[in-house]
There are 2 protein chains.
Amino acid sequence: MREGPDIARIASLVGDPARANMLNALMGGTALTASELALEAGVSLPTASSHLSKLMEGGLLTLASQGRHRYYGLASAQVAGMIEAIIGVAEAVGPKRVRPGPRDAAMRVARVCYDHLAGEQAVAMLDRLFDRKLLLREDSEIRLSSSGAAHFSALGIDIQARARRPVCRACLDWSVRRSHLAGTLGAAILDKIIAEKWARREKESRAVVFSPGGKREFERVFLA
Amino acid sequence: MREGPDIARIASLVGDPARANMLNALMGGTALTASELALEAGVSLPTASSHLSKLMEGGLLTLASQGRHRYYGLASAQVAGMIEAIIGVAEAVGPKRVRPGPRDAAMRVARVCYDHLAGEQAVAMLDRLFDRKLLLREDSEIRLSSSGAAHFSALGIDIQARARRPVCRACLDWSVRRSHLAGTLGAAILDKIIAEKWARREKESRAVVFSPGGKREFERVFLA
DNA sequence: GCGATGTTTCGACCACGATCGAAGCATCGA
DNA sequence: TCGATGCTTCGATCGTGGTCGAAACATCGC
């Protein structure tokens with residue numbers, strides 16, 4: 001019972017499912033807003049806010065205020081390392097893999113992440129957009145190339161860079177552990193997918209289900 | 001959102017003060033009985049028993065029954081590494097360490113981490129072993145070189161690589177924030193240090209205290 | 001200024017889990 | 001066989017902390 005660093009305090013911060021989901025979402029290194037984290041964690045905005053202030057007070061997060069957006073990120077690589085260590089143990093002791101379930105499987109393939117597409121389809125799409133040089137990696141940023149601007153414009157997706165919100169942003173995918181496309185462009189693409197009826201949003205879920213024809217169209221346009 | 005290894009489950013196991021104290025006590029590497037752990041955690045026996053079964057179910061502990069005694073120990077070096085990582089974060093964000101205190105200072109210099117040596121001495125040793133090419137970095141792994149195998153063999157440390165547990169592993173040190181050597185080789189070196197009486201283990205603590213002569217010997221052999 | 005959007009605070013509710021005493025098992029030494 | 005010791009299970013209590021709706025606060029575009 002002797003004193004030491006308060007390890008229980010830190011561990012219990014990670015020990016709540018909602019907070020664990022938030023931290024997991026932040027493991028990609030990109031800072032996220034409170035709303036995005038609320039969606040990732042599957043809790044309401046007030047609840048998420050409460051969790052975030054606890055994580056802040058615990059020193060696990062940093063906060064960058066930009067106007068009315070507040071971007072939360074992991075405080076340090078040390079914190080990320082700790083979470084990796086916990087993930088490692090969880091994987092080692094929990095080979096459970098309880099039957100994925102159909103909704104779960106659908107979620108892995110494609111789902112909504114805030115206002116853009118996530119899941120295997122989205123990750124594949126981002127890869128392909130890089131391959132075709134429609135998007136360019138710049139350090140940790142993503143930029144729209146001139147050919148990309150023309151390409152999306154031809155698809156009826158016009159991005160006016162007016163918004164304070166970045167046009168392109170990488171967003172880490174929990175199921176694939178790689179990035180997919182967020183930002184206004186990501187949102188616009190999801191809008192198009194829904195508008196063209198290539199896919200529909202599953203009720204009461206984040207899953208996005210493509211129709212057979214819609215899937216072909218999507219792949220022709222974005223995965224070609 | 002959810003899916004993936006259940007990190008919240010693992011973290012919440014560590015997140016209870018009583019359980020955290022137990023795990024901390026077990027970081028010394030010696031298995032302890034339920035009564036000892038109850039005392040260490042400052043809770044009654046029934047409470048401790050309940051905590052222990054939770055830790056067992058979570059896969060964090062191993063149990064060795066010997067007659068009417070039941071010895072609990074950490075399940076693996078991986079679990080120990082996770083706890084070290086959490087301690088590191090707790091130290092970093094922790095409140096204004098009030099005067100380190102002598103025991104704390106001794107812990108920084110050298111201490112037991114599960115079954116191997118940690119602390120400044122251990123970090124310095126790993127650095128030196130790399131310099132002398134007795135160990136080789138390979139990506140994020142550590143490998144024993146042929147000259148290293150010969151060297152340790154000459155010291156009476158024979159490592160049979162058959163074990164499923166890796167021979168060499170890096171383990172992050174909370175006090176120095178750099179790696180020290182874990183794995184069977186790390187354990188064997190600690191065994192030698194104790195067997196040669198170069199150092200003794202402080203009672204009721206993880207600190208390892210070198211004798212003046214032992215320190216010289218250790219430095220001659222491992223830090224030369 | 002205005003309404004719209006993003007975020008936090010407040011208040012109230014409720015459940016989970018930590019806790020302990022007493023009783024039940026299990027194993028030891030005779 | 002017996003009592004003693006080490007540990008776990010049972011049952012009941014209780015407080016901490018997660019949760020959300022409503023409202024307040026902050027900042028933007030206009």
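Labels below follow one simple rule: chain letters A, B, ... track the order of the sequence lines, proteins then strands, and each chain is numbered from 1.
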**Asked** Between B:Thr33 and B:Arg70, is a side-chain contact (heavy atoms from CB on, under 4.5 Å) present by the stated rule, with each step listed?
**Response** CA-CA 5 Å; B:Thr33 65; B:Arg70 312 191 71 181; over 6 Å; no

**Smallest separation among heavy atoms of A:Gly148 and A:Ser145, with atom names** = N-OG, 2.9 Å

**Between C1' of D:dG18 and CG of A:Leu13, the distance in whole Å** = 13 Å

**Request:** Using a 4.0 Å heavy-atom cut-off across all strands, classify B:Ser53 as base, sugar-phosphate, or nothing.
**Result:** nothing

**Asked** Of all the choices, C:dT8, D:dG18, D:dT8, which nucleotide is nearest to the side chain of A:His51 once you look at every atom?
**Response** D:dG18

**Asked** Taking five pairs at each end of the helix from C:dG1-D:dC30 to C:dA30-D:dT1, what angle separates the two helix axes (nearest 10°)?
**Response** 40°

**Asked** Between A:Leu61 (CG) and C:dT7 (P), how many Å, whole number?
**Response** 14 Å

If you restrict it to nitrogen or oxygen atoms, what contacts under 3.5 Å exist between nucleotides 20-25 of chain D and the protein, and what is each distance?
unit_1	atom_1	unit_2	atom_2	d
D:dC20	OP2	A:Ser44	N	3.1
D:dC20	OP2	A:Ser44	OG	3.1
D:dC20	OP2	A:Thr47	OG1	2.7

**Complete:** In whole angstroms, the gap separating P of D:dT27 from OH of A:Tyr71 amounts to 15 Å

**Request:** Provide, to the nearest angstrom, the distance between the CG atom belonging to B:Leu55 and the P atom belonging to D:dT8.
**Result:** 12 Å

**Message:** If the condition is salt bridge (charged side-chain N to carboxylate O under 4.0 Å, His left out), which residues does A:Glu217 pass it with, not counting sequence neighbours?
**Reply:** A:Arg220

**Complete:** Whole-Å distance, A:Leu37 CG to D:dG18 C1', equals 17 Å

**Fill in**
Residues passing the side chain to side chain contact (heavy atoms under 4.5 Å, CB included) test with A:Arg128, sequence neighbours excluded, are A:Asp131, A:Arg132, A:Leu223

**Nearest-angstrom distance from the residue atom CG of B:Leu39 to C1' of C:dC20** = 16 Å

**Asked** Which is it for B:Leu26 and B:Leu37 under the side-chain contact (heavy atoms from CB on, under 4.5 Å) test, yes or no, and what are the steps along the way?
**Response** CA-CA 9 Å; B:Leu26 290 172; B:Leu37 288 166; 4.1 Å; yes

**Item:** Smallest separation among heavy atoms of B:Ala110 and B:Leu117, with atom names
**Value:** CB-CD1, 4.3 Å

N/O to N/O distances under 3.5 Å, protein versus nucleotides 11-17 of chain D:
none

**Request:** Could you check how far CG of B:Asn21 sits from P of C:dT19, rounded to whole Å?
**Result:** 10 Å

**Prompt:** Taking it one step at a time, do A:Val14 and B:Val14 satisfy side-chain contact (heavy atoms from CB on, under 4.5 Å)?
**Reply:** CA-CA 10 Å; A:Val14 190; B:Val14 189; over 6 Å; no

**Prompt:** Has B:Arg70 got a side-chain N or O lying under 4.0 Å from the OP1 or OP2 atom of D:dT8?
**Reply:** yes

**Message:** Would you say B:Tyr72 places a side-chain N or O within less than 4.0 Å of OP1 or OP2 belonging to D:dT8?
**Reply:** yes

**Request:** Please lay out, stage by stage, how A:Val89 and B:Ile7 fare under the test side-chain contact (heavy atoms from CB on, under 4.5 Å).
**Result:** CA-CA 8 Å; A:Val89 170; B:Ile7 117 173; over 6 Å; no

**Request:** Can you see which heavy atom on B:Gly58 is nearest to which on B:Arg9, and at what distance?
**Result:** CA-NH2, 3.6 Å

For a quick test of your reading: what N or O donor-acceptor pairs under 3.5 Å do the side chains of residues 186-198 of chain B make, sequence neighbours left out?
unit_1	atom_1	unit_2	atom_2	d
B:Lys192	NZ	B:Leu155	O	3.0
B:Lys192	NZ	B:Glu196	OE2	2.9

**Message:** Using the rule given for side-chain hydrogen bond (donor to acceptor under 3.5 Å, both in side chains), can you reason through B:Ser50 versus B:Thr47, listing the C-alpha separation, both sets of side-chain angles and the distance that settles it, and then say yes or no?
**Reply:** CA-CA 5 Å; B:Ser50 157; B:Thr47 303; over 6 Å; no

